[in-house]
Amino acid sequence: MMRWLVCVLMMVLGAQGAYMQEHRWERGETFLTFLEKHQLPLSIYYNLDREDQELAAEIVSGVRYQLLLDDNEVIEQVLIPIGEELQLHIVKDKSTGAYELRTTPVSYQEESLKVTLEITLSPYQDIINATNSYALANEFVNSFKNSVNFRRLVKGDRLVIFYSQRTRLGQRYGNPKIEAAMVEVRGKEHFVFLYDDNRYYDAAGKEIEGFLLTVPVRYTRISSSFSYKRWHPILKRYRAHLGVDYAAPTGTPIVAAGEGRVTFVGTKGGYGKTVEIDHGHGYKTLYAHMNGYRKGIRRGSVVSKGQLIGYVGSTGISTGPHLHFGLYKDNRAINPNSVVKIEKDKLQGEKRKAFLAHVETFKPRFELALAEPSIPPREEPFEYMVQLETPIIMDAETVAVAN
């Protein structure tokens, strides 16, 4: 396997005047419209294979992407994150002027952080006021979902959060991951701990969050499983598949995996005919390559779990009839087969014993956090244009640096 640069920004001596711009991906924008807008050849997209064309449909509106331009304002490189592990990396060959797109790992640093607060308004608002992180506030509230009544909190109750956060290009990147948290309700402490495939449990090992989904289609086999990032030993490059593919005959009914509101019905790049459903609490499901939709379904429609929404097909970039089923939490793709719970779970036996040992390691950390309160640095907005004396190479394979 070729070595990938760990350094995010690498200076190249001798050239002058390059600069980097950062933008946000606009709502409704596709990879093709992005190429058109920046006067990049559409062949960049059409030359991709099926999996990479499908991956290009995973770009989330609002995501920050970077352009590296030369002193004539010609694009030399583009970085567009997909999920939190991979990115689309477009590089211009200076000798031929041709552009190449490859999928590369996102270079990031990960740090462990903690925050201790005395509640004055609400946990949600106090976390935002202290850290400027809406994502952390949302994750904290979701982690205690259905287990704590925040309306009973009184001024002076405290909370503690231990979490990890990634940084990329000098700024916070992706969603924070809460490892353990505590909140007092009228002085009584309530805990949650992340354990066992990203599930939250209380201090006794009982699962906190019970998000229920049903399998959306009667399938013959799983033709492709979920993967954030995998190295293809033959192609010698990284691939990803942010969903599960269920092979089934054309016309097989597809049902909503859970109750929710339809937020998208239409064609979505390599995914072809697609439906997206918002289930609340940050969860969203995606149903792609459909042959057609249920009559009357449209954006804004409310659907119940198990209700018909469409039919299996092979639209978009597809080699045969199947349903591509994606699950997202706070716009981050998660594995439906390992994260979604069929029913609320309680750890038992050796698994519970290991969990309780895990909980014990946090006890002195909570005591110290309460005794010595701390708040991490506030998240600050990114300056959208950075002028550089020398150009940068962004997350490139070593051979690309030579270009």
Side-chain angles (χ1 to χ4, degrees), residues 24-31 51 54-65 80-88 106 134-143 145 166 173-178 194 197-200 209-217 222 224-229 240-246 254-266 268-290 299 301 303 305 309-310 316 323-342:
R24 288 185 183 272
W25 197 265
E26 297 178 3
R27 179 179 293 274
E29 187 167 21
T30 68
F31 190 61
E51 284 196 17
E54 187 176 88
L55 197 61
E58 288 281 351
I59 304 172
V60 177
S61 64
V63 70
R64 295 169 175 172
Y65 66 91
I80 308 172
I82 297 177
E84 296 185 10
E85 300 289 340
L86 290 178
Q87 58 197 350
L88 298 180
V106 173
Y134 287 84
L136 181 62
N138 281 324
E139 188 65 17
F140 178 83
V141 172
N142 285 336
S143 67
K145 187 174 63 178
R166 295 173 176 179
Y173 170 70
N175 291 314
K177 178 165 41 171
I178 294 178
L194 190 68
D197 288 332
N198 293 322
R199 305 182 188 187
Y200 284 112
E209 187 178 4
F211 181 57
L212 307 181
L213 289 184
T214 187
V215 177
V217 68
I222 293 178
S224 187
S225 299
F226 180 95
S227 174
Y228 278 125
K229 179 180 69 177
H241 188 251
L242 302 183
V244 175
D245 285 355
Y246 296 105
I254 299 169
V255 301
E259 180 181 359
R261 183 178 298 274
V262 176
T263 56
F264 180 87
V265 178
K268 190 177 178 70
Y271 279 145
K273 292 182 178 179
T274 301
V275 170
E276 294 180 358
I277 300 174
D278 182 357
H279 303 280
H281 304 289
Y283 286 101
K284 179 184 78 172
T285 50
L286 174 147
Y287 312 76
H289 303 301
M290 300 171 74
R299 182 177 178 181
S301 299
V303 294
K305 183 169 69 173
I309 60 173
L323 169 68
H324 174 93
F325 177 57
L327 173 65
Y328 303 80
K329 184 177 182 182
D330 298 324
N331 284 327
R332 179 178 183 266
I334 55 179
N335 187 351
N337 287 343
S338 64
V339 178
V340 175
K341 277 71 72 177
I342 302 303

Residues A333 and L242: closest non-hydrogen pair is CB-CB, 3.9 Å
Correct closest heavy-atom pair for V303 and A256 would be CG2-CB, 3.9 Å
P216 backbone acceptor or donor facing Y246 side chain under 3.5 Å: no
Here the gap from I254 atom CD1 to L323 atom CG, rounded to the nearest 0.5 Å, amounts to 4.5 Å
Here the gap from I59 atom CD1 to T30 atom OG1, rounded to the nearest 0.5 Å, amounts to 8.5 Å
When rounded to the nearest 0.5 Å, the distance separating CD1 of I277 from CG of L286 is 9.5 Å
Closest non-hydrogen contact found for I178 with S143 is CD1-OG, 4.5 Å
Contacts of E29 meeting side-chain hydrogen bond (donor to acceptor under 3.5 Å, both in side chains) (sequence neighbours excluded), chain-then-number -> K37
Sequence neighbours excluded, the answer for side-chain hydrogen bond (donor to acceptor under 3.5 Å, both in side chains) partners of Y271 is E58, H324
- Between Y283 and Y328, is the gap from one ring center to the other below 6.0 Å? no
### Query
Is there a side-chain hydrogen bond (donor to acceptor under 3.5 Å, both in side chains) between E139 and Y200 once you walk through the steps?
CA-CA 11 Å; E139 188 65 17; Y200 284 112; 3.0 Å; yes
Interatomic distance, CG@L55 vs CG@L88, rounded to 0.5 Å, equals 6.0 Å
request  = Measure the shortest side-chain to side-chain distance between Y228 and N335 over non-hydrogen atoms and say whether it is less than 4.5 angstrom.
outcome  = no
Query raised in the report: Given the rule in the side-chain contact (heavy atoms from CB on, under 4.5 Å) test, do Q87 and V106 qualify, once you have shown the distances and angles that lead to the verdict?
Result: CA-CA 6 Å; Q87 58 197 350; V106 173; 3.9 Å; yes
Test item: S301 side-chain N/O and R299 main-chain N/O as donor-acceptor pair under 3.5 Å:
no
Minimal heavy-atom distance between V265 and V262, with the atoms involved, is CG2-CG1, 3.4 Å
d(I334 CD1, L327 CG) to nearest 0.5 Å is 4.0 Å
key: Pairing of K268 and E54 as salt bridge, 4.0 angstrom limit   = no
Practice item. Please step through side-chain contact (heavy atoms from CB on, under 4.5 Å) for the pair T274 and H289, ending with a clear verdict. Key: CA-CA 6 Å; T274 301; H289 303 301; over 6 Å; no
Checking S225 against H241: is there a side-chain donor and acceptor pair closer than 3.5 Å? no
Rounded to the nearest 0.5 Å, the CG atom of N175 sits from the CZ atom of R332 at a distance of 7.5 Å
Practice problem: If the plane angle is over 60° it's perpendicular, under 30° parallel, otherwise tilted; pick one for W25 and Y65. | Solution: perpendicular
Residues G270 and A57: closest non-hydrogen pair is N-CB, 4.2 Å
* **R261 bridged to E276 by N-O distance under 4.0 Å** => no
- [ ] Indicate yes or no: at least one non-hydrogen side-chain atom of T285 is less than 4.5 angstrom from one of D278.
- [x] no
